[in-house]
Protein chains: 2
Amino acid sequence: MDRLSEVFGALADPTRRAILARLAEGEATVNQIAEPFPISLQAVSKHLKVLEKAGLITRGKEAQWRPCRLDAAPLREVANWVTTYQRFWEERYDELGAYLKQIQKEN
Amino acid sequence: MDRLSEVFGALADPTRRAILARLAEGEATVNQIAEPFPISLQAVSKHLKVLEKAGLITRGKEAQWRPCRLDAAPLREVANWVTTYQRFWEERYDELGAYLKQIQKEN
DNA sequence: CGGTTAATTAACTCCTAGGTTGAATATGCG
DNA sequence: CGCATATTCAACCTAGGAGTTAATTAACCG
């Protein structure tokens with residue numbers, strides 16, 4: 001699968017986005033990450049694997065802990081992609097669109 | 001499903017992103033959209049339904065044609081979400097991180 | 001060593017996603 | 001009307017996603 005699809009896919013889940021939000025506050029172990037969620041540890045472990053495969057987190061190895069850290073590099077790619085559409089949601093563009101429609105009606 | 005997950009899910013497919021890119025150049029009918037893709041018209045129709053459900057496109061009704069138009073509003077939400085992580089990929093932050101690590105080593 | 005804690009792997013269920021083909025539903029046109 | 005065009009709907013297939021429980025691996029600790 002292409003990189004961008006993998007990243008978007010990883011982000012298309014509220015649990016995984018919540019994990020990223022948690023990691024934005026600092027690195028955490030799997031148990032710490034899983035604690036607030038109503039799902040099993042194993043399910044969280046799977047989510048972490050998805051995030052890791054998408055490059056959104058990296059994992060360390062300290063004794064029996066695997067601390068996870070946020071890696072926002074793929075998010076920059078997302079930001080780059082999405083801003084190519086920025087003109088379509090900016091107010092100025094909406095005004096232009098309204099103006100063009102107005103012109104069209106008048107003719 | 002929550003809105004953001006739906007939008008991210010819709011974007012997690014290269015065909016759908018290509019459709020959005022096509023619509024950025026102007027509205028198009030289903031056949032026009034489907035033309036460059038190596039999949040069936042029905043498959044494209046399904047993709048359009050996904051994009052519509054995510055609010056990324058709107059569709060008109062002209063005779064037997066259903067012209068699709070890009071609606072970038074959800075992309076603004078994506079941009080808003082992703083920029084909350086901007087500090088994690090900006091160079092200044094990387095420098096800060098390196099600095100903090102340096103401090104830590106020195107103590 | 002033996003037990004405890006941390007995390008992953010395995011095997012399974014259920015459901016949805018993306019694709020197919022074939023039939024159905026409009027709408028325009030001669 | 002009857003046919004061609006545009007699009008959707010329906011039924012089906014296969015693969016993978018998200019969750020579960022049970023078993024396994026790895027590392028520390030008394």
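The chains referred to below are lettered A, B, ... by the order of the sequence lines, with proteins before strands, and numbering in each begins at 1.
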Quick one: [atom1] on [X] to [atom2] on [Y], what's the gap to the nearest 0.5 Å?
{"X": "B/Leu48", "Y": "B/Arg16", "atom1": "CG", "atom2": "CZ", "result": "10.0 Å"}
{"X": "A/Glu25", "Y": "A/Leu70", "atom1": "CD", "atom2": "CG", "result": "11.0 Å"}
{"X": "A/Leu23", "Y": "A/Asp71", "atom1": "CG", "atom2": "CG", "result": "11.0 Å"}

Among residues 42-52 of chain A, which residues get a heavy atom nearer than 4.0 Å to DNA chain C?
A/Gln42, A/Ser45, A/Lys46, A/Lys49

In whole Å, what is the span from the [atom1] atom of [X] to the [atom2] atom of [N]?
{"X": "B/Leu41", "N": "C/dT20", "atom1": "CG", "atom2": "C1'", "value": "13 Å"}
{"X": "A/Phe8", "N": "C/dG18", "atom1": "CZ", "atom2": "P", "value": "14 Å"}
{"X": "A/Glu35", "N": "C/dT5", "atom1": "CD", "atom2": "P", "value": "17 Å"}
{"X": "B/Ile39", "N": "C/dA17", "atom1": "CD1", "atom2": "C1'", "value": "12 Å"}

If you pin B/Gln32 and A/Lys61 to their nearest nucleotides in DNA chain D, which one's is more 5'?
B/Gln32

Taking for A/Thr15 and for A/Arg66 the nucleotide of DNA chain D with the nearest heavy atom, the one nearer the 5' end belongs to A/Thr15

Donor-acceptor under 3.5 Å ([X] side chain, [Y] main chain):
{"X": "A/Gln32", "Y": "A/Thr29", "answer": "yes"}
{"X": "B/Tyr85", "Y": "A/Ala21", "answer": "yes"}
{"X": "A/Ser45", "Y": "A/Leu41", "answer": "no"}

Angle class for the B/Phe8/B/Trp81 ring planes (parallel below 30°, perpendicular above 60°, tilted otherwise)?
perpendicular

Reading DNA chain D from 5' to 3', where do the contacts with chain A start and stop? Cut-off is 4.0 Å to heavy atoms.
D/dA18 to D/dC28

Thinking salt bridges, do A/Arg17 and B/Asp2 make one under a 4.0 Å N-O criterion?
yes

